Amino acid sequence: MMYQLEHSRPFTPKRYFSIDRVFRNESLVRTHLAEFYQIEGLVCDRGLTLDDLMGVLRDFFKRLGMKNISFKPTYNSYTEPSMEIHSYHEGLKKWVEVGNSSMIIPEMLYSMGLHEDVACIAWGLSLERPTMILYGIDDICDLLGPKVDLSLIKGNPICRIGINY
């Protein structure tokens with residue numbers, strides 16, 4: 001996508017998003033599933049900074065109703081800087097990772113022919129963990145499978161991000 005972006009004339013900023021099921025070889029615990037939904041985003045534009053990345057993520061989670069967001073430096077290959085995103089879970093009384101984010105390193109962008117003033121911010125966010133925080137669910141297994149309490153689904157309104165009633 002980024003290679004094609006550079007070869008479209010003139011350069012036009014782009015945003016790419018996906019939501020898909022992901023598998024990781026992890027043990028099933030209260031806050032981890034082996035399969036989960038991941039929300040991914042990539043924005044390419046001139047002059048993007050770490051501040052832009054943090055602003056996008058703060059705004060996203062704020063629209064979900066999550067105000068207690070923090071960032072922690074981490075390592076991701078082909079990116080720098082990289083940050084884990086955490087939110088406070090009242091029921092668990094601890095900070096829970098809800099995603100990961102990064103700026104793509106310039107060397108990756110240059111190798112695709114992108115101009116030196118073009119930057120790309122990217123993130124991968126969990127769908128289940130913010131749901132746990134928003135609805136006060138202590139065990140992630142209560143969201144999927146035979147343990148799902150259907151009264152939770154029936155008793156809560158549809159979530160419409162960015163729409164005021």
Side-chain angles (χ1 to χ4, degrees), residues 1-8 12-45 48 50 52-66 69-87 89 92 95-105 108-109 111-112 114 118-150 152-154 156-163:
M1 294 180 315
M2 289 187 283
Y3 178 80
Q4 290 174 348
L5 177 64
E6 173 52 31
H7 292 83
S8 62
T12 307
K14 294 285 184 184
R15 297 178 219 166
Y16 302 99
F17 303 96
S18 71
I19 300 175
D20 212 342
R21 198 108 169 109
V22 175
F23 172 79
R24 287 198 186 145
N25 189 13
E26 293 191 14
S27 299
L28 180 64
V29 294
R30 291 175 68 173
T31 59
H32 288 80
L33 294 170
E35 286 187 70
F36 56 94
Y37 283 95
Q38 183 160 305
I39 304 162
E40 294 181 351
L42 174 74
V43 177
C44 297
D45 200 352
L48 290 174
L50 181 63
D52 294 311
L53 174 59
M54 293 172 76
V56 165
L57 295 169
R58 283 187 200 281
D59 188 51
F60 176 82
F61 285 109
K62 182 180 176 184
R63 289 174 184 236
L64 286 178
M66 297 169 63
I69 299 295
S70 68
F71 298 95
K72 175 184 169 190
T74 192
Y75 171 79
N76 295 319
S77 56
Y78 307 111
T79 67
E80 179 65 34
S82 303
M83 302 174 299
E84 292 176 354
I85 308 142
H86 294 259
S87 183
H89 189 300
L92 296 175
W95 289 88
V96 176
E97 184 182 347
V98 292
N100 207 307
S101 62
S102 305
M103 294 196 67
I104 310 296
I105 59 172
M108 288 289 296
L109 304 177
S111 70
M112 290 179 238
L114 288 165
V118 173
C120 294
I121 58 176
W123 58 88
L125 310 173
S126 164
L127 183 60
E128 290 85 359
R129 289 186 190 163
T131 303
M132 289 176 65
I133 293 166
L134 288 168
Y135 291 99
I137 296 169
D138 293 340
D139 189 336
I140 202 164
C141 294
D142 291 342
L143 292 173
L144 301 164
K147 291 178 66 179
V148 173
D149 180 2
L150 295 180
L152 174 71
I153 297 167
K154 293 176 184 174
N156 283 290
I158 295 174
C159 177
R160 296 180 190 254
I161 298 172
I163 298 174

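Quick caveat: nothing in here was measured; it's all calculated off a predicted structure. Heads up: numbering here begins at 1 and tracks the sequence.
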Just to verify, what does [X] make a side chain to side chain contact (heavy atoms under 4.5 Å, CB included) with, not counting sequence neighbours?
| X | value |
| --- | --- |
| Tyr75 | Ser77 |
| Ser70 | His86, Trp95 |
| Leu127 | Tyr37, Ile39 |
| Asp45 | Phe11, Pro13, Leu48 |

Item to check | From CA spacing to verdict: side-chain contact (heavy atoms from CB on, under 4.5 Å), Phe71, Met54 | outcome: CA-CA 8 Å; Phe71 298 95; Met54 293 172 76; 3.3 Å; yes
Item to check | side-chain contact (heavy atoms from CB on, under 4.5 Å) between Leu53 and Val43, worked out | outcome: CA-CA 9 Å; Leu53 174 59; Val43 177; over 6 Å; no
Checklist entry - If you look at every heavy atom in Met66 and Ser87, which pair is closest and at what distance? => result CE-OG, 3.2 Å
If I take atom [atom1] from residue [X] and atom [atom2] from residue [Y], how far apart are they, to the nearest 0.5 angstrom?
| X | Y | atom1 | atom2 | result |
| --- | --- | --- | --- | --- |
| Tyr78 | Leu109 | OH | CG | 13.5 Å |
| Cys120 | Met108 | SG | CE | 10.0 Å |
| Leu42 | Ile121 | CG | CD1 | 8.5 Å |
| Leu50 | Glu80 | CG | CD | 9.5 Å |

Enumerate, atom names and distances included, each donor-acceptor pair closer than 3.5 Å involving a side-chain atom of residues 97-105, sequence neighbours excluded.
residue: Asn100; atom: OD1; partner: Asn76; partner atom: ND2; Å: 2.7
residue: Ser101; atom: OG; partner: Met83; partner atom: O; Å: 3.2
residue: Ser102; atom: OG; partner: Asn76; partner atom: ND2; Å: 3.0
residue: Ser102; atom: OG; partner: Thr79; partner atom: OG1; Å: 3.3
residue: Ser102; atom: OG; partner: Ser82; partner atom: OG; Å: 3.2

Next on the checklist: So Phe60 and Lys62, do their side chains get closer than 4.5 Å, heavy atoms only?
Outcome noted: no
Next on the checklist: Between Leu57 and Ile69, is the side-chain contact (heavy atoms from CB on, under 4.5 Å) condition met? List the steps.
Outcome noted: CA-CA 9 Å; Leu57 295 169; Ile69 299 295; over 6 Å; no
